[in-house]
Chemist: 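Please find one structure pasted underneath; my questions will follow.
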Amino acid sequence: MSKTLEQLLGYVYLTGIIQRIKTGIPDVLPSAFSTIKKQVLGDAGRYTQTFGTRKTARRAEYGAPAVKQELLGIEVKDVKLLHALEKITMNPLTLQLLRSYDSYDLQKMGIDELNRQQLEFKQRFDNLRLAAVYSMLSLGAIYFDGSGNLLPTSSGAKVTVDFGVSANNQSQLNGIITASWANFNTDIPGQLRALKQRAAQLTGYPLKYAFYGKSIPSYLSQNNYVLDYLSRNPPVAQKFLDQAELPDNLFGYTWVPVYTAFYTDADGSNQTFFGDDTVVFTPEIDSTIYEVIEGSYQVPSSFNATQNMAAALASMKTVHGQFSYGVPVHDPPTVEMFYGDTFLPVYKIPDTIFQADVTP
């Protein structure tokens, strides 16, 4: 062949293809954020909210008629799902290599490159799903610009998915963060107890997770109240020293470091989701609190000519969530790969999430 293997496949060395940047964005969340799913038709979803009671029954005289009470409230929430659809076109030279039967080694390298391109293409959609959850947790919303690019803040947003987190559950949590955690004498354990009390009174769902930013371990390791606790609990203190991260069950929370959560924006810049001084508190993540709703899309299973529209429709299949298909094209002769997804992470009880900035 007139062109070398290096020219056909790019940067190929004696040891094979070297991946300069590891693909994918870090997944630092509990697995429940990706495994709790529900499928719906199209790009619209619905879930139901019910309201429990904290009131007590009224005292009545023995033998007196029953006191009538009202039925408890119920609400139906409709949501519009996110949709993404992109395509890539295979390099015609790589396509020729795939069909070059005179060299097994070259053909295998071509197939490997084709598979790599498809996997990298799919990774964009995996990244979107994970980034959407990060944005939901850290901001209480997901923002996109007019071109459909994910944004790290509301600045420049043309499309916003707002999960309805109350202002009282953000920043200083309506007076709970009364003093900065950067202050050595701030009663951090006391603030954490006050938050548990608030959560119990607000929704009744006990808090479990504390998703924290980069500076939080430093604040706690230098805090007088925390140091006093650790001095009385050597096993927990040792875990703190060994890991340089906050140990599980410290003050009754499961601490999850999320400062490595990021994505690369359309300009090639890395954007982090959780601020250095951020802690996001949530209950146990289960189907009561959270789910990923997966919509459906019609995907062609063949591209043969048909006699009528009904026959053409019969060649399509309904796929939920992520989907892909390849299409041969003739100008120039090559192959296009399509990939898409229809989904939305849904935090169903927004009053159970607390997005704290601990340095007022």
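Here, residue 1 is the first one in the sequence, and each next residue gets the next number.
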Chemist: Run the side-chain contact (heavy atoms from CB on, under 4.5 Å) test against Val329 and tell me which residues pass, sequence neighbours left out.
Modeler: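 Listed in chain order: Thr334, Glu336.
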
Chemist: Who pairs with Asp43 by salt bridge (Lys or Arg N to Asp or Glu O under 4.0 Å), at least two apart in sequence or on another chain?
Modeler: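 Checked Asp43 against salt bridge (Lys or Arg N to Asp or Glu O under 4.0 Å); matches are Lys80.
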
Chemist: Using the side-chain hydrogen bond (donor to acceptor under 3.5 Å, both in side chains) rule, collect all pairs that involve residues 250-272, keeping only residues at least two apart or in two chains.
Modeler: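 Residue pairs with at least one partner in residues 250-272: Glu245-Tyr259, Thr264-Asn270, Asp265-Gln271.
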
Chemist: Tell me whether Lys317 at atom NZ has more than 12 heavy atoms from other residues, nucleotides or ligands lying less than 6.0 Å away.
Modeler: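 Check fails, neighbour count at 12 or below.
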
Chemist: Within the 4.5 Å heavy-atom criterion, are Phe281 and Leu192 side-chain neighbours or not?
Modeler: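 Heavy-atom side-chain distance check passes, below 4.5 Å.
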
Chemist: Do Leu82 and Thr342 come within less than 4.5 Å of each other through their side chains, counting heavy atoms only?
Modeler: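 Side-chain contact under 4.5 Å: no.
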
Chemist: If a pair satisfies side-chain hydrogen bond (donor to acceptor under 3.5 Å, both in side chains) and one of its residues is in residues 167-177, list it, with sequence neighbours excluded.
Modeler: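 Those involving residues 167-177 are Gln170-Gln355.
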
Chemist: Kindly state each residue pair satisfying salt bridge (Lys or Arg N to Asp or Glu O under 4.0 Å) with at least one member in residues 181-204, sequence neighbours excluded.
Modeler: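 Non-adjacent pairs meeting salt bridge (Lys or Arg N to Asp or Glu O under 4.0 Å): zero.
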
Chemist: Any chance you could pull the hydrophobic cluster mates of Met337, using side-chain heavy atoms under 4.5 angstrom and chaining through other members?
Modeler: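 Answer for Met337: Ile88, Phe121, Phe125, Tyr339.
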
Chemist: Taking only residues at least two apart or on different chains, which pairs with a member in residues 148-166 satisfy side-chain hydrogen bond (donor to acceptor under 3.5 Å, both in side chains)?
Modeler: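 Listed once each, the pairs are Asp145-Asn149.
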
Chemist: For Tyr209, enumerate each residue passing the ring pair (Phe, Tyr, Trp, His ring centres under 6.0 Å) test, keeping only those at least two apart in sequence or located in another chain.
Modeler: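 By the ring pair (Phe, Tyr, Trp, His ring centres under 6.0 Å) rule, Tyr209 matches Phe211.
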
Chemist: Which ring-ring contact (aromatic ring centres under 6.0 Å, His included) pairs, counting each pair once, include a residue from residues 157-200, with sequence neighbours left out?
Modeler: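 Qualifying pairs: none.
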
Chemist: Going by the rule side-chain contact (heavy atoms from CB on, under 4.5 Å), which residues pair with Asp27 if we only count those two or more places apart in sequence or in a different chain?
Modeler: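 Result, side-chain contact (heavy atoms from CB on, under 4.5 Å) vs Asp27: Leu29, Leu130, Tyr134.
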
Chemist: Apart from Tyr143 itself, what residues make up its hydrophobic cluster when side-chain heavy atoms of I, L, V, M, F, W and Y under 4.5 Å apart count as a link, directly or indirectly?
Modeler: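 Once heavy-atom contacts under 4.5 Å are chained together, Tyr143 belongs with Leu139, Leu151.
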
Chemist: Do His320 and Tyr297 make the cut of ring centroids closer than 6.0 angstrom?
Modeler: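 Distance test on ring centres: not under 6.0 Å, no.
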
Chemist: Hey, could you give me each pair passing salt bridge (Lys or Arg N to Asp or Glu O under 4.0 Å) that has a residue in residues 126-140? Not counting sequence neighbours.
Modeler: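 The answer is Lys122-Asp126, Arg129-Glu294, Arg129-Asp341.
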
